[in-house]
4 protein chains.
Amino acid sequence: MSMGSAAFVGRDTANSSLQDRLLDTRRLSTALAAPLSDEDQVVQANDDASPAKWHLAHTTWFFEAFVLAPFLEGYSLFDARFEYCFNSYYESVGPRQPRGRRGLLTRPSAEEVRAYRAHVDAALGRLCADGDSYAKAAELIELGINHEQQHQELLLTDILSLFASGPLNPAYRQASPGVLVRDVAPLDWVSFDGGIVEIGHGGNGFAYDNEGPRHEELIRPFKLASRSVTNGEWIEFIKSGGYTTPTLWLADGWAAVKTENWTGPLYFEEAEGGYMQMSLLGFRPVDLAAPVTHISYYEADAFARFAGCRLPSEFEWEVAASNVPVSGRTLGADLLRPMPADAGGGLRQIYGDVWEWTGSAYLPYPGFKTAPGAVGEYNGKFMCNQFVLKGASCATPDGHIRPTYRNFFYPHQRWQFTGLRLATDA
Amino acid sequence: MSMGSAAFVGRDTANSSLQDRLLDTRRLSTALAAPLSDEDQVVQANDDASPAKWHLAHTTWFFEAFVLAPFLEGYSLFDARFEYCFNSYYESVGPRQPRGRRGLLTRPSAEEVRAYRAHVDAALGRLCADGDSYAKAAELIELGINHEQQHQELLLTDILSLFASGPLNPAYRQASPGVLVRDVAPLDWVSFDGGIVEIGHGGNGFAYDNEGPRHEELIRPFKLASRSVTNGEWIEFIKSGGYTTPTLWLADGWAAVKTENWTGPLYFEEAEGGYMQMSLLGFRPVDLAAPVTHISYYEADAFARFAGCRLPSEFEWEVAASNVPVSGRTLGADLLRPMPADAGGGLRQIYGDVWEWTGSAYLPYPGFKTAPGAVGEYNGKFMCNQFVLKGASCATPDGHIRPTYRNFFYPHQRWQFTGLRLATDA
Amino acid sequence: MSMGSAAFVGRDTANSSLQDRLLDTRRLSTALAAPLSDEDQVVQANDDASPAKWHLAHTTWFFEAFVLAPFLEGYSLFDARFEYCFNSYYESVGPRQPRGRRGLLTRPSAEEVRAYRAHVDAALGRLCADGDSYAKAAELIELGINHEQQHQELLLTDILSLFASGPLNPAYRQASPGVLVRDVAPLDWVSFDGGIVEIGHGGNGFAYDNEGPRHEELIRPFKLASRSVTNGEWIEFIKSGGYTTPTLWLADGWAAVKTENWTGPLYFEEAEGGYMQMSLLGFRPVDLAAPVTHISYYEADAFARFAGCRLPSEFEWEVAASNVPVSGRTLGADLLRPMPADAGGGLRQIYGDVWEWTGSAYLPYPGFKTAPGAVGEYNGKFMCNQFVLKGASCATPDGHIRPTYRNFFYPHQRWQFTGLRLATDA
Amino acid sequence: MSMGSAAFVGRDTANSSLQDRLLDTRRLSTALAAPLSDEDQVVQANDDASPAKWHLAHTTWFFEAFVLAPFLEGYSLFDARFEYCFNSYYESVGPRQPRGRRGLLTRPSAEEVRAYRAHVDAALGRLCADGDSYAKAAELIELGINHEQQHQELLLTDILSLFASGPLNPAYRQASPGVLVRDVAPLDWVSFDGGIVEIGHGGNGFAYDNEGPRHEELIRPFKLASRSVTNGEWIEFIKSGGYTTPTLWLADGWAAVKTENWTGPLYFEEAEGGYMQMSLLGFRPVDLAAPVTHISYYEADAFARFAGCRLPSEFEWEVAASNVPVSGRTLGADLLRPMPADAGGGLRQIYGDVWEWTGSAYLPYPGFKTAPGAVGEYNGKFMCNQFVLKGASCATPDGHIRPTYRNFFYPHQRWQFTGLRLATDA
């Protein structure tokens, strides 16, 4: 059985009602957790990750705290103690289970969390049935949907981290290894003009606060690689001494290489006859034609320097993406791994396969203001010390992609589906 | 249902066959895990603790590696990868899952571990049916039984640590609070002569290697308190500034007080009208007449100094215990918490309720030699930096008690059922 | 005696020969160390700081390694082992004393380091006398001068950190407390237009590689405060709960507040009747009218949010500064502390008093390339995780200021003379 | 000049007045610091070590706080702030410079500390001239002398640690390498009877509180090696895989080997043609016939196991030493390094050369009570987690040796002159 093929496909955002998308999103979380035992769901793989059960409960709490409690008359909390358990980082809301101790919450049980989800889903149904409340809550329901989609991707990357932690290397999804050696699409360069461009979300449809305000940026002529950097190219980097040549690296990056003993991407293992890598499909030979993934910003930056190129800025990327269809091999493609670029011309892999590190620090756009109240903590307070990633990955829910999307992680983090695309000045 | 009342009672060691005791021990582990969900069993509460599932599997691996593999002809391993997963610290055996990462093993699942136990139990049955192999393996079966009993106590204390980690404070066993304010038995002193005494195991029956060789020690006249120090007495210590007076403490102890912000025993919380403490029966008012528990050696030592007394040496304790019946409120009493001392004269609570810190460093007895091979790693390599505890606790399996028993923990550790009994020079 | 009044004044860059400036710079380092005992010079105050002796030696090694060894024929190293001791971070050059262990170098002694300086100074004299070599080396001599100037400021801030580490609070310079309560200049706003502006160094005179290439940036209309934020204003922030209100802070900043127990700027201490602060003039009452200093980026950002404003971008700052005379109360003013803004209109304190945190991450300008060889490690490899500061401080050598200067520190660092100036959108 | 040959020789304790010994002790500290620059004296080599200046000042403060302030009428403190600077660990006295930050005290200067010493020495002279006060203070003067002697040894081992921290490897004392290859005295065994023996100080003369009360211990027949284990024997241990064989080690010891990457004694470096080791005479070839030194308890224990022996108990050692003259190559021998055992029969090297780890945990003797007041903190509060060492080293002041002396260090510590002597059961 392909567990998710139907469930994972995103509904067409433009033509679906908010309530339909809400239902689909809630169902998809449940479907994503279906291959996991209760044991798999409770453990926290590392300090960056959260347990799957926690993701399922936290996203539910988000609807309870920000949608049901304020907008559904007569709503009663499922369990008042869950706020402490499942509040992530909302200081305005109150104290919470410390982040590094989320994996100690064997209680409430997975079963109770499923009941919690059902309780909240039923209440959301009542809310949607009340036109007036529904209208008032719509904006926060939309936020809750998008919030849950983000956690869907995290659920998958966190499970991968967990499954890579022991000797059994279980697969989230069983799959045949398939044919791995393929011709890789040649790397071409696509050129773009400079000038004043419009950046950021300004039109219809949902976007996070950090994608606006839409504003002008000045860019210079540049070229962007037609596809992501591949595993084969990365292995060349390794073999050329990439991880032992300090002058290729930012100082903080080189410190990480030495401290963490990095010799390749996360989950890479050298084996007889090549490299293996742990993945959602288990421990498999590395596909040389597929995009490299699970690399830090530091590694992306070092590779770009090695290649005589640089990373694109987030603005360059957004300009380049503006003429590309907003689709790709995201979660609905049901592949759960990055795939080689298709043959053909022009930009490929802009969405899907792997997130692409940009050289842009994650900072507020000009005129950015946080919203009042707890939801104002959603994005703004993280605008420091992180870098912007663009695009989407094989684990990003369909419908959760757009050219203005700004994903962000710390430069040392590697457990997401992170890759890179080269850029140069024109 | 009182989950364990029958299951927890130990069989009379003297009059039971080895095989019967093996069966009982294996069943008891399963019974102890019965109130736990699979989620509860997989998580590691802290670096000192192990997951319940790991205890269940490790004790099983012990029989597989040290009894079945060498002694049962044709035995085939359940899964060769389990050695890596469930070897604890046997360097002679090979590499293993790092101690602090035992909680990441969601795979093998609890269900597979139960199957592993069944597989090994069946094989042990075949071994016992073969008189010759049974005879050869008897000594290691006995060790395996005792080893599993130690992990039974750890399973309970580790679960308590886990259940104390979140806001829900689940009870391992539901229980009514009962009547808590009771008259505490007055503390009397029992006097003992000095002289040359025989110490250590030398007779019949099982004992660990660290309990021998039996040898002479010279002791001086001393007095021992008739019962353990109570919670009520400990609260006096707290209120008298025990945790804020550095001169009461060993230097390393005072450093722990400051670093760890200790203000009372582990799991103590000041509440309106008194103190509460997390326990296997849930979060409950502290029983003033019951022995204080979950204290470090440092705290025991400071309390003794505060009281103008000292801790007994392990030799004094053993001498005093030599005329006391080897029984008490251990696991078979099915109480799961320390109880107030009975009224009456003479030494009480020597076994059961709480382990008692002694002032003796855990060191080899004169003439001690480790056994060759991996089982030689069982006790000897830990003879450094720890202190000896004597007696037994409310979580110690019946039959796992004797006067020569030497339990040992680091002086900062508090998650066991540790208490103290005062001593003075005569 | 005013120890440095003459020595500290910078020579007019435009009208001085390179050799004269070299001599002055080398003399100034020696003058700055003059009030320090050999003991003061050897100790490393913290992991961010270096010993004064190390600064004196490292700057000398810089000339030896990058100017004398390549350009002065027949130059012989003073001591070949000094490269290990005094190489800072040049991976291309070779291994070195670990950064956190610079304070263990009691040998070579301060006396030997003084001899090292004399040896190198003499050789630099010979080099300058040889017109051909001088010309070839000129660019690196210029870099060496500027490099040494940077270390002059660090020497002072590192000594302040050291002198604040013990109970004696020695003053680097004795001074009378003076009149501290003064009328503070009112805070006005100066408005600037938006548009495409030229940013970065492109003209004559020395600049670091990180100040170029000169390029166009698009900015929006903005307003800049006429002066720096004062201690008085900062104390209002403290009293209004600035350090206890998480919603004012970036998430990483709030984590620092909690972990480091920040309750005010570095060296601040609440005292009867007000605040005291350790300074180069000793432990003194805080001057309410003077700029706040020794604040992190996190604190600057939180204050700006508290004030309903924001930090300027580095581009806005540079545009604003472009019409301001390049002078201010820098090291030559011989004050060694930030002073209140002068009365009057327009922008004040652009240079001198305190460095000003901007909201710009320290990243390469478009088209930036690192130089080949070891000097390529000078700036480029730090372009990650830090923020740009503009202006100059009371400890910045005269002549080491210009509008395009990009200083940079990690957002948690506070031991420099760091302050802030508010900005808003127009 | 041999800096110390005269100064280092201890006065005959029995035949010298207390005042003479006080003067000698105070002079010796000064003499020991004479080869050090002020820079050498201010730096703290590691968290276990203290700066030489701190030793000089702390021992002076000890006399000021415990002798002069209570016993010399009209004594005025040199500087009241010095108590904060130079109190070591006396909680009863008050707060102090944190232990790990003693090296930040560039002020008070070495010069001021010398003046402090002169001030206190003069006052001690006045005290000794007043018969009545002298008599009352005599016991604490004696303690102060012995206290200062302990710090004299620490001053030397701390300086060695400092001088080993950088690339220049300075020698505390210049010396010719001398002839290093010598015939090592064969290792013989000396046998001792078992029985009840008297242990601890009970006679005349000074002893620390931790050496008493004198009491009976029961020992068993044993044999003691005639000399210390040599470097040559240790190198055999290394070459036989001593540092790579976990079963030779205590568990905590093996953890230290792995964490700290131990491959030989502290300061050992493998070189062409053999081993080198940093010493007070500089970086020199290892003398194969001399006692191994700078080893932890863990290493001593592992070596003994490797050799099929064990460490002696402190009681065995004291019994064996009771018939050996109380003399050896201590500080007055002016060698500053351990020397090969003399030829001949019977026990050699009991005192001098290296301290010998025993297998005895450092615990109170039966009946031990701490003194009231701050001096009660001298020894008692450290009776946990450490092991007893017996004898004396090449850095122990003459007169500071006796059979009952109990030195103690943590089992991982290696910066003292620590070695071992083998024992076995008879």
Side-chain angles (χ1 to χ4, degrees), chain C residues 33 35-47 49 51-54 56-57 78-87 94-98 100-114 116 158-172 278 282-283, chain D residues 33 35-47 49 51-54 56-57 78-87 94-98 100-114 116 158-172 278 282-283:
Chain C
L36 305 175
S37 69
D38 288 358
E39 291 178 74
D40 293 335
Q41 293 188 42
V42 74
V43 169
Q44 181 169 22
N46 59 62
D47 279 356
K53 183 174 78 176
W54 190 91
L56 295 175
F78 182 78
D79 186 324
R81 298 170 305 175
F82 283 19
E83 181 152 293
Y84 183 91
C85 297
F86 300 122
N87 175 6
R96 68 215 78 99
Q97 181 79 354
R101 296 168 64 82
R102 289 176 183 166
L104 300 179
L105 296 173
T106 65
R107 311 290 180 95
S109 69
E111 191 56 44
E112 289 172 287
V113 166
R114 288 188 283 266
Y116 181 36
D158 293 356
I159 279 294
L160 174 54
S161 177
L162 177 64
F163 282 177
S165 303
L168 268 59
N169 286 330
Y172 172 80
M278 182 63 186
F283 191 58
Chain D
L36 305 174
S37 69
D38 288 357
E39 291 178 74
D40 294 334
Q41 293 188 43
V42 72
V43 169
Q44 181 169 21
N46 59 63
D47 279 355
K53 183 174 78 176
W54 189 92
L56 295 175
F78 182 78
D79 187 323
R81 299 170 303 175
F82 282 21
E83 182 154 290
Y84 183 91
C85 297
F86 300 123
N87 174 8
R96 67 215 79 98
Q97 180 79 354
R101 296 168 63 83
R102 289 178 183 165
L104 300 180
L105 296 172
T106 65
R107 312 290 179 93
S109 69
E111 191 56 41
E112 288 172 287
V113 166
R114 288 188 283 266
Y116 181 35
D158 293 355
I159 279 295
L160 173 54
S161 176
L162 176 64
F163 282 178
S165 303
L168 269 58
N169 286 330
Y172 172 79
M278 181 61 185
F283 192 58

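Owing to the predicted nature of the structure, the values given are computational and were not obtained by experimental measurement. Naming convention: chains lettered A, B, ... in sequence-line order (proteins, then strands); numbering from 1 in each chain.
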Taking all non-hydrogen atoms of both residues, which atom of [X] and which atom of [Y] are closest, and how far apart?
| X | Y | result |
| --- | --- | --- |
| C:Lys53 | D:Glu39 | NZ-OE1, 2.5 Å |
| D:Pro35 | C:Arg107 | O-NH2, 4.1 Å |
| D:Gln97 | C:Gly166 | OE1-CA, 4.0 Å |
| C:Leu105 | D:Pro167 | CD2-CD, 3.7 Å |

Is it the backbone or the side chain of [X] that comes under 4.5 Å from a heavy atom of chain D, or both, or neither?
| X | result |
| --- | --- |
| C:Arg101 | side chain |
| C:Gln41 | neither |
| C:Pro108 | both |

Inset, instruction - Mind checking salt bridge (charged side-chain N to carboxylate O under 4.0 Å, His left out) for D:Arg81 and listing every partner two or more places apart, or none if nothing turns up? - result: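 Here the qualifying residues are D:Asp79.
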Inset, instruction - Quick one: which of D:Ser37, D:Cys85, D:Pro98, D:Ala110 has the most heavy-atom pairs under 4.5 Å with chain C, could you say? - result: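 Most pairs with chain C among the choices: D:Ala110.
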Legend entry - Under the ring-ring contact (aromatic ring centres under 6.0 Å, His included) test, residues paired with C:Phe82 that sit two or more places apart: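 Testing C:Phe82 for ring-ring contact (aromatic ring centres under 6.0 Å, His included), a comparison that skips the adjacent residues, returns C:Phe78, C:Phe86, C:Tyr116.
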Inset, instruction - Find the distance between OG (C:Ser165) and CZ (D:Arg102) and round it off to the nearest 0.5 Å. - result: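 CZ of D:Arg102 is found 15.5 Å from OG of C:Ser165.
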Inset, instruction - For a side-chain contact (heavy atoms from CB on, under 4.5 Å) with C:Thr106, tell me which candidate from D:Leu36, D:Asp40, D:Asp38 qualifies. - result: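 The single option meeting the side-chain contact (heavy atoms from CB on, under 4.5 Å) with C:Thr106 is D:Asp40.
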